[in-house]
Q: 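I'd like to ask you about the structure that follows.
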Amino acid sequence: MAAVGATTTTLLLILLQIPFLLFLNTSAEPLNSHLSSAVPESGSSSAKERIAALANDEATVDWMRRVRRKLHENPELAYEEYETSELIREELDRMGISYRWPVAKTGIVATIGSGEPPFVALRADMDALPIQEMVEWEHKSKVDGKMHACGHDAHVAMLLGAAKVLLQMRDTLQGTVVLIFQPAEEKGNGAKDMIQEGALDKVEAIFGIHVAHVFNAGSVASRPGQFLAGCGSFKAKITGKGGHAAIPQNSIDPIIAASSSVISLQNIVSREADPLDSQVVSVAMINGGNAFNVIPDSATIAGTFRAFSRETFKALRDRIKEVIGAQAAVHRCTSEVDFDGKEHPSIPPTVNDPEIYELARQASVDIVGESNTKVSPSFMGSEDFAFYLEKVPGSFMFVGIRNEKLGAIYPPHNPYFSIDEDALPVGAAVHASFAHSFLSSSTRNLSS
């Protein structure tokens, strides 16, 4: 990820990774119409009402704000979230919640409940971005060139809030809730590393959220099936034979081969793809030679590809390699195509399990109401939460943070990004409601 002040091309590449669009805006009912401020005694109301009330308890909301603001003031980049991790562990210690650390360098896996099956996971990412914050407010980033410009500080605060709610309801938990505090989402590696170190051990389902500026605070949005696109990158080196540009017959020109490859790659989507199956192939970088009168030995092209289904994503990757190889061969060149760049690893599509999506949707309706539970469009951006969904069924959801009066209107990865903190109890309550519902429904299914 590049900080503010990088080239326009780099900024455009960053923005392409954001799973949000600017054109969409939806209305929401007032938050407090759904979250009561009174905390009922255990057994005096349904679980959903108690969860909503606990999440909206004034002291809990103030605590979540303090946590989020402290994290916002001290942003840390991928795999550098040491102080962030320490803050989370301190809060877990205060609540008496057991956890395992370190996981994937700075990550944490905590548990609440019986310690017995079924196990359900909730995930929050922790890392910030290399962006200089331009928002002038009391809790502006204190670290030059770093900012929580994607809302991960809010995600952590919401999951800690959910932990506090679930802890107060632990006697009603019919299983175990696993809390995953994940590093390095922005690099695309964090989820994979957490999985490799056992974060999903015994887990039967997973749920995650991301704040979204396109939905008003007080609302949530998701969709079953294909939700966010898979994101891949490629870099191809095309090798020919260099020589003087005045006598091209003595050379094998990689510039021609690279140019033909760029043109031919555009035909994959425009002439080979089903128009109803959204796909993107973009060449965003080309580099070859350093003199106007010298044919270089090699040229390099690089770009990104996106698709919503796992099958199409793999087919795109295979076809990109095939097209570049064929065009290189036509022009008597050779090619090497790399899809495994460390800086831009491939991320699969985010595909919500229909049954888990429906459970999460109903859990959200219980918290914010039917009218504030939206069906989201698909987005061409990506999220490494998809790696969890390749291992266990789960669902990903947007939590609205938009508030024009507060200036919370800017997209993630923007130096003016901000949130309406009234979204914090919503996220905490939806997390807790989903986990509680999943454990209850799983236990009923086992008993039936």
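Predicted, not measured: the structure shown is a model, and the values here were computed from it.
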Q: With a 4.0 Å cut-off on N to O distance, would you call Lys314 and Asp318 a salt bridge?
A: yes
Q: Assert yes or no for the condition that the ring centre distance of Tyr99 to Phe181 is strictly below 6.0 Å.
A: no
Q: Walk me through it: do Val323 and Ser261 pass the test side chain to side chain contact (heavy atoms under 4.5 Å, CB included)?
A: CA-CA 7 Å; Val323 166; Ser261 296; 5.6 Å; no
Q: Can a salt bridge be assigned to the pair Arg68 and Glu421 using a cut-off of 4.0 Å between side-chain N and carboxylate O?
A: yes
Q: Between Asp384 (side chain) and Ala191 (backbone), is there a donor-acceptor pair under 3.5 Å?
A: yes
Q: Does the pair Arg89/Glu91 count as a salt bridge with the N-to-O cut at 4.0 Å?
A: no
Q: With distance as the sole test, does Asp353 use its side chain to make a donor-acceptor pair with the main-chain N or O of Gly394 at under 3.5 Å?
A: no
Q: If we only count heavy atoms from C-beta on, is the Phe387 to Ile195 side-chain gap below 4.5 Å?
A: yes
Q: Taking CG in Asn290 as the centre, count heavy atoms belonging to other residues, nucleotides or ligands within less than 6.0 Å. Is the count above 12?
A: no
Q: Can you see which heavy atom on Met397 is nearest to which on Val220, and at what distance?
A: SD-CB, 3.8 Å
Q: When you compare the side chain of Leu159 with that of Leu179, does any pair of heavy atoms fall below 4.5 Å?
A: yes
Q: So, for Phe227 and Phe398, is the gap between ring centers shorter than 6.0 Å?
A: yes
Q: So, taking the atom named NZ in Lys321 and the one named CG in Leu316, what distance separates them when rounded to the nearest 0.5 Å?
A: 15.0 Å
Q: Regarding Arg361 and Glu358, does a basic nitrogen lie under 4.0 Å from an acidic carboxylate oxygen?
A: yes
Q: Quick one: does Thr106's side chain have a donor or acceptor within less than 3.5 Å of a partner on Ser85's backbone?
A: no
Q: How long is the straight-line distance from OG1 of Thr334 back to NZ of Lys237, given to the nearest 0.5 Å?
A: 8.5 Å
Q: First locate atom CG of Leu439, then atom OG of Ser441, and finally report the distance between them rounded to the nearest 0.5 Å.
A: 8.0 Å
Q: Less than 4.5 Å apart, side chain to side chain, heavy atoms only: is that true for Val178 and Val109?
A: yes
Q: Does the distance from a Lys or Arg side-chain N to an Asp or Glu carboxylate O, for Arg123 and Asp125, drop under 4.0 Å?
A: yes
Q: Between Glu73 and Lys142, does any NZ, NE, NH1 or NH2 come within less than 4.0 Å of an OD or OE carboxylate oxygen?
A: yes
Q: Please name the pair of heavy atoms, one in Trp101 and one in Lys105, separated by the smallest distance, quoted to 0.1 Å.
A: NE1-O, 4.4 Å
Q: Would you give the length of the straight line joining atom CG of Asn216 to atom CG of Asp422, rounded to the nearest 0.5 angstrom?
A: 12.0 Å
Q: Side chains of Thr373 and Ser219, heavy atoms from C-beta outward: is any pair under 4.5 Å?
A: no
Q: Looking at Arg319 and Glu272, is any side-chain nitrogen of the basic one under 4.0 Å from a carboxylate oxygen of the acidic one?
A: yes
Q: Would you call the rings of Phe339 and Phe305 parallel, tilted or perpendicular, taking 30° and 60° as the class edges?
A: perpendicular
Q: Say whether, by atom type as modelled, one donor and one acceptor occur between the side chain of Ser378 and the main chain of Gln226 under 3.5 angstrom.
A: yes
Q: How far does CD of Gln327 sit from OG of Ser260, to the nearest 0.5 angstrom?
A: 5.0 Å
Q: Taking Val143's backbone N and O only, do any of them form a donor-acceptor pair with Ser141's side chain (distance below 3.5 Å, no angle check)?
A: yes
Q: For Ala221, does its backbone N or O pair with a side-chain atom of Ser376 as donor and acceptor, under 3.5 Å?
A: no
Q: Roughly how far, to the nearest 0.5 Å, is the CG atom of Leu71 from the CG atom of Leu87?
A: 5.0 Å
Q: Specify the closest pair of heavy atoms between Cys333 and Ala257, including all atoms of both residues, with the distance to one decimal.
A: SG-CB, 4.0 Å
Q: Are any of the side-chain heavy atoms of Ile209 and Met158 separated by less than 4.5 Å?
A: yes
Q: Measure from the side-chain N and O atoms of Ser335 to the backbone N and O of Ala328, and report whether any donor-acceptor pair falls under 3.5 Å.
A: no
Q: So, Lys146 and Asp127, do they make that salt bridge, N to O below 4.0 Å?
A: no
Q: Students often mix this up, so state it plainly: with edges at 30° and 60°, are the rings of His155 and His210 parallel, tilted or perpendicular?
A: perpendicular
Q: Using a 4.5 Å cut-off on heavy atoms from C-beta on, say whether the side chain of Trp137 contacts that of Leu406.
A: no
Q: So does Ala360 get a backbone contact from the side chain of Gln362, meaning a donor-acceptor N/O pair under 3.5 Å?
A: no
Q: Ignoring hydrogens, what is the shortest heavy-atom contact between Ala429 and Ala55? Give both atom names and the distance.
A: CB-CB, 3.7 Å
Q: Can you check whether Ile324 reaches Ile301 side chain to side chain, under 4.5 Å on heavy atoms?
A: yes
Q: Between Thr350 and Glu383, does a side-chain hydrogen bond (donor to acceptor under 3.5 Å, both in side chains) hold up when you go through it step by step?
A: CA-CA 7 Å; Thr350 299; Glu383 235 283 351; over 6 Å; no
Q: Side chains of Thr300 and Asn287 only: does a donor on one sit below 3.5 Å from an acceptor on the other?
A: no
Q: Ignoring hydrogens and geometry beyond distance, is a side-chain donor-acceptor pair present between Glu133 and His72 at under 3.5 Å?
A: yes
Q: Quick test of your reading of the model: are Lys192 and Glu197 salt-bridged, counting only N-O distances below 4.0 Å?
A: no
Q: Would you mind reporting whether Thr312 and Gln279 have side-chain heavy atoms less than 4.5 Å apart?
A: yes
Q: Other residues, nucleotides and ligands only: do more than 12 of their heavy atoms fall within 6.0 Å of CD on Gln249?
A: yes
Q: For the residue pair Ser222 / Asn352, report whether a side-chain donor-acceptor contact shorter than 3.5 Å exists.
A: yes
Q: Determine the sole option in Phe207, Tyr357, Phe396 for which the ring pair (Phe, Tyr, Trp, His ring centres under 6.0 Å) test with Phe434 is passed.
A: Phe207
